[in-house]
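Nothing fancy with the numbering, it's 1 onward along the sequence.
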Amino acid sequence: MSSNPVAATVASLMPRAKAELTELVAFKSVADFDQFPKSESEGAARWVADALTAEGFQDVAQLDTPDGTQSVYGYLPGPEGAKTVLLYAHYDVQPPLDESAWTTPPFELTERDGRWYGRGAADCKGGVIMHLLALRALKANGGVPVHVKVIAEGSEEMGTGGLERYAEEHPDLLEADTIVIGDAGNFRVGLPTVTTTLRGMTLVRVQVDTLAGNLHSGQFGGAAPDALAALIRVLDSLRAEDGSTTVDGLAPGTAWDGLQYDEEQFRQDAKVLDGVELIGSGTVADRIWSRPAVTVLGIDCPPVVGATPSVQAGARALVSLRVPPGVDAAEATKLLQAHLETRTPWGAQVRTEQVGQGQPFSADPSSPAYTAMAEAMSVAYPGQEMQYAGQGGSIPLCNTLAALYPSAEILLIGLSEPEAQIHAVNESVSPEELERLSVAEALFLRNYAAM
């Protein structure tokens with residue numbers, strides 16, 4: 001790859017990329033301002049805005065979106081008559097979970113065993129750096145041959161929809177011929193992959209109440225209805241015996257006919273403990289890319305330490321439902337709420353509230369932009385052919401952009417391969433993947449401009 005001038009430039013920029021990612025990871029930019037200071041997210045937004053300004057972007061702005069967060073926008077003009085490409089990433093991150101479980105501090109980028117560890121290193125602050133590297137490499141080798149818009153979202157991980165609503169209110173802002181979403185990942189390290197489908201998602205909070213207040217379990221237990229037990233029972237009803245998701249009225253999904261995911265490889269990637277079975281039926285690809293999946297994200301109830309012998313009067317949970325392409329997320333939300341409300345036992349009072357939603361997404365891999373990306377990836381990854389895969393996660397903005405700009409081609413690439421362990425402790429990014437994907441993106445922009 002070093003014989004390619006673009007690749008050589010990216011290689012020379014990698015020390016700078018590491019330094020910049022170190023700065024960006026240091027911001028605790030979790031868009032949940034009950035847990036983390038809003039100033040941390042604002043600081044990360046300023047960092048991105050300053051980086052775009054330094055690269056010659058015009059109209060750089062920290063956009064105040066309706067959910068109370070900021071998305072950073074910038075426009076880099078290309079040659080007259082050139083196509084326009086929108087590059088997307090997000091600078092907000094998931095909470096670090098248990099910081100004591102991290103080998104090194106989550107907000108300090110740390111190199112270990114050939115990888116760079118830190119919250120957001122792959123998802124998706126590394127995506128911001130990837131876009132910068134690609135543009136710098138082109139500027140050093142003849143210039144950027146397209147008009148470039150960059151948008152860095154500030155609340156993607158929360159699913160609160162700020163950027164989607166802002167884009168709908170300002171439909172000209174993000175208009176482009178092609179959109180590159182830098183928030184996906186290769187199927188495995190070293191295998192260039194474009195994600196062609198995303199599952200949608202909905203988040204529902206469910207509250208179950210049975211008593212006016214907690215009661216002594218010795219005096220009342222056995223007859224007094226336990227709200228926590230009622231909640232556990234209704235949550236259990238969301239799964240069949242084999243662990244498959246079963247929401248009343250929700251279609252079971254379809255078979256995945258693309259790249260397959262070896263079951264043993266999946267067990268290794270997911271770090272499934274010895275002897276523990278995988279859940280669901282069908283191939284692994286079916287289960288994670290083209291079928292619905294429910295997950296209980298959290299339960300509010302007394303912790304074990306300090307628990308008293310009480311029958312619980314109330315309990316609540318946050319439930320996530322991933323929905324595959326072909327299923328309307330709004331309809332899936334209604335079905336999930338109806339299931340929770342009708343399956344709650346003992347006449348317990350139950351309330352459900354939708355707190356987040358994103359539609360599933362499907363791309364057209366036969367479009368010219370995919371040809372340009374395939375050619376670019378064959379250079380960035382010598383001897384490898386670009387693969388098409390699904391992704392179980394959601395990027396709600398994809399459907400908003402597809403609806404606003406139906407003629408735009410949308411490609412999903414990124415740094416979140418399995419070893420990255422995004423959303424978990426010890427998230428990391430492969431610097432080799434960052435380098436190769438930056439080369440691929442630069443060459444894609446050049447290829448696409450020539451089409």
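For the residue pair Pro365 and Thr196, the shortest heavy atom distance occurs at CB-CG2, 4.1 Å. Of all the heavy atoms in Val10 and Ser438, the pair that sits closest is CG1-CB, 4.1 Å. Ser29 approaches Tyr91 most closely through the heavy-atom pair OG-O, 2.8 Å. The shortest heavy-atom contact between Ser41 and Val30 is OG-O, 3.8 Å. Scanning all heavy atoms of the two residues, the minimum distance from Asn186 to Pro418 falls at O-CD, 3.8 Å.
Under 4.0 Å is where a charged nitrogen must lie from a carboxylate oxygen, and between Glu417 and Arg115 at least one such pair does.
No side-chain donor from either of Lys38 and Thr69 sits under 3.5 Å from a side-chain acceptor of the other. Side-chain contact check for Thr283 and Asp286: at least one donor-acceptor pair (N or O, by modelled atom type) lies under 3.5 Å. Checked by atom type, the side-chain pair Glu409/Ser367 shows a donor-acceptor distance below 3.5 Å. A side-chain N or O of Tyr88 and one of Glu153 form a donor-acceptor pair less than 3.5 Å apart. Using modelled atom types, one finds no donor on one side chain facing an acceptor on the other under 3.5 Å when comparing Tyr370 with Asp364. Side-chain contact, Gln70 with Asp64: a donor N or O sits under 3.5 Å from an acceptor N or O. No side-chain donor from either of Glu108 and Thr110 sits under 3.5 Å from a side-chain acceptor of the other. Between Asp67 and Ser155, the side chains place a donor N or O and an acceptor N or O closer than 3.5 Å (distance only, hydrogens not considered). A side-chain N or O of Asn141 and one of Thr9 form a donor-acceptor pair less than 3.5 Å apart. Side chains of Thr333 and Thr202: a donor on one and an acceptor on the other come within 3.5 Å. If you check the side chains of Arg112 and Thr104, you find a donor sitting under 3.5 Å from an acceptor. Using modelled atom types, one finds no donor on one side chain facing an acceptor on the other under 3.5 Å when comparing Thr400 with Glu164.
Among the candidates Leu336, Val327, Leu250, the single residue satisfying the side chain to side chain contact (heavy atoms under 4.5 Å, CB included) test with Pro292 is Leu250. Applying ring-ring contact (aromatic ring centres under 6.0 Å, His included) to Trp256 and the options Trp289, Tyr388, Tyr261 leaves one that passes, Trp289.
In this structure a side-chain-to-backbone donor-acceptor pair under 3.5 Å is missing from Arg446 to Leu138. A distance-only check finds no donor-acceptor pair linking the side chain of Arg436 to the backbone of Ala7 [under 3.5 Å]. Side-chain N or O atoms of His90 include none that pairs as donor or acceptor with a backbone N or O of Gly154 at under 3.5 Å. Between the side chain of Glu264 and the main chain of Gln268, no donor-acceptor pair closer than 3.5 Å is present. Proximity of a side-chain donor or acceptor of Arg267 to a complementary backbone N or O of Val276 within less than 3.5 Å is detected.
Side-chain contact between Val93 and Phe27 is absent, with no heavy-atom pair separated by less than 4.5 Å. The shortest distance between side-chain heavy atoms of Leu133 and Glu441 does not fall below 4.5 Å. Side-chain contact between Thr352 and Arg205 is absent, with no heavy-atom pair separated by less than 4.5 Å. For the pair Glu432 and Val189, the minimum side-chain heavy-atom distance is 4.5 Å or more. Under the 4.5 Å side-chain criterion, counting only non-hydrogen atoms from C-beta, Tyr75 is in contact with Pro77. Inter-residue side-chain proximity for Ile151 and Leu63 is flagged as met; some heavy-atom pair is nearer than 4.5 Å. For the pair Met130 and Ile413, the minimum side-chain heavy-atom distance is below 4.5 Å. At least one side-chain heavy atom of Thr371 sits under 4.5 Å from a side-chain heavy atom of Glu375.
Ring geometry, His170 versus Tyr166: the interplanar angle falls under 30°, so the pair is classed parallel (tilted spans 30 to 60°).
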Intermediate values then yes/no, side-chain hydrogen bond (donor to acceptor under 3.5 Å, both in side chains), Ser416 and Asp123: CA-CA 6 Å; Ser416 298; Asp123 182 27; 4.5 Å; no

Test Ser290 against Thr197 for side-chain contact (heavy atoms from CB on, under 4.5 Å), laying out the working first. CA-CA 9 Å; Ser290 63; Thr197 68; over 6 Å; no

Let me see the working for Glu156 and Ile395 under side-chain contact (heavy atoms from CB on, under 4.5 Å), right down to the final yes or no. CA-CA 7 Å; Glu156 190 275 340; Ile395 305 175; 4.2 Å; yes

Using the rule given for side-chain contact (heavy atoms from CB on, under 4.5 Å), can you reason through Gln391 versus Leu412, listing the C-alpha separation, both sets of side-chain angles and the distance that settles it, and then say yes or no? CA-CA 10 Å; Gln391 182 172 301; Leu412 294 104; over 6 Å; no

Between Arg188 and Glu419, is the salt bridge (charged side-chain N to carboxylate O under 4.0 Å, His left out) condition met? List the steps. CA-CA 8 Å; Arg188 63 174 182 268; Glu419 292 180 46; over 6 Å; no

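Note that CG of Leu203 is 5.5 Å distant from CG of Leu318, once rounded to the nearest 0.5 Å. For the atom pair OG1 (Thr65) and CZ (Arg165), the distance works out to 7.5 Å, reported to the nearest 0.5 Å. Residue Ile299 holds its CD1 atom at 12.0 Å from CZ of Arg316, rounded to the nearest 0.5 Å. Atom CG of Asp242 is separated from atom CD1 of Ile279 by 8.5 Å, given to the nearest 0.5 angstrom. Interatomic distance, Gln387 CD to Phe187 CZ, rounded to the nearest 0.5 Å: 9.0 Å. Distance check: Tyr73 OH to Gln62 CD gives 15.0 Å after rounding to the nearest 0.5 Å.
Evaluation of the salt bridge (Lys or Arg N to Asp or Glu O under 4.0 Å) rule for Glu55 yields Arg16, Arg136, Lys139 as partners, not counting sequence neighbours. Judged as a salt bridge (Lys or Arg N to Asp or Glu O under 4.0 Å), and not counting sequence neighbours, the contacts of Glu263 are Arg287. By the side-chain contact (heavy atoms from CB on, under 4.5 Å) test, Ala374 is found to be paired with Met386, residues two or more places apart in sequence or in another chain being considered. In this structure, the side-chain contact (heavy atoms from CB on, under 4.5 Å) partners of Pro360, at least two apart in sequence or on a different chain, are Val323, Pro325, Ala329.
No more than 12 heavy atoms of other residues, nucleotides or ligands shown are found within 6.0 angstrom of CD on Glu385. The 12-atom threshold is exceeded at NZ of Lys149, counting heavy atoms of other residues, nucleotides or ligands nearer than 6.0 Å.
Under the salt bridge (Lys or Arg N to Asp or Glu O under 4.0 Å) criterion, no residue pair touches residues 167-180, with sequence neighbours excluded. Residue pairs meeting the ring-ring contact (aromatic ring centres under 6.0 Å, His included) criterion with at least one member in residues 103-134: none, sequence neighbours excluded.
The side-chain tip of Lys83 points at the ring of Tyr448 from less than 6.0 angstrom away and within 45° of straight on.
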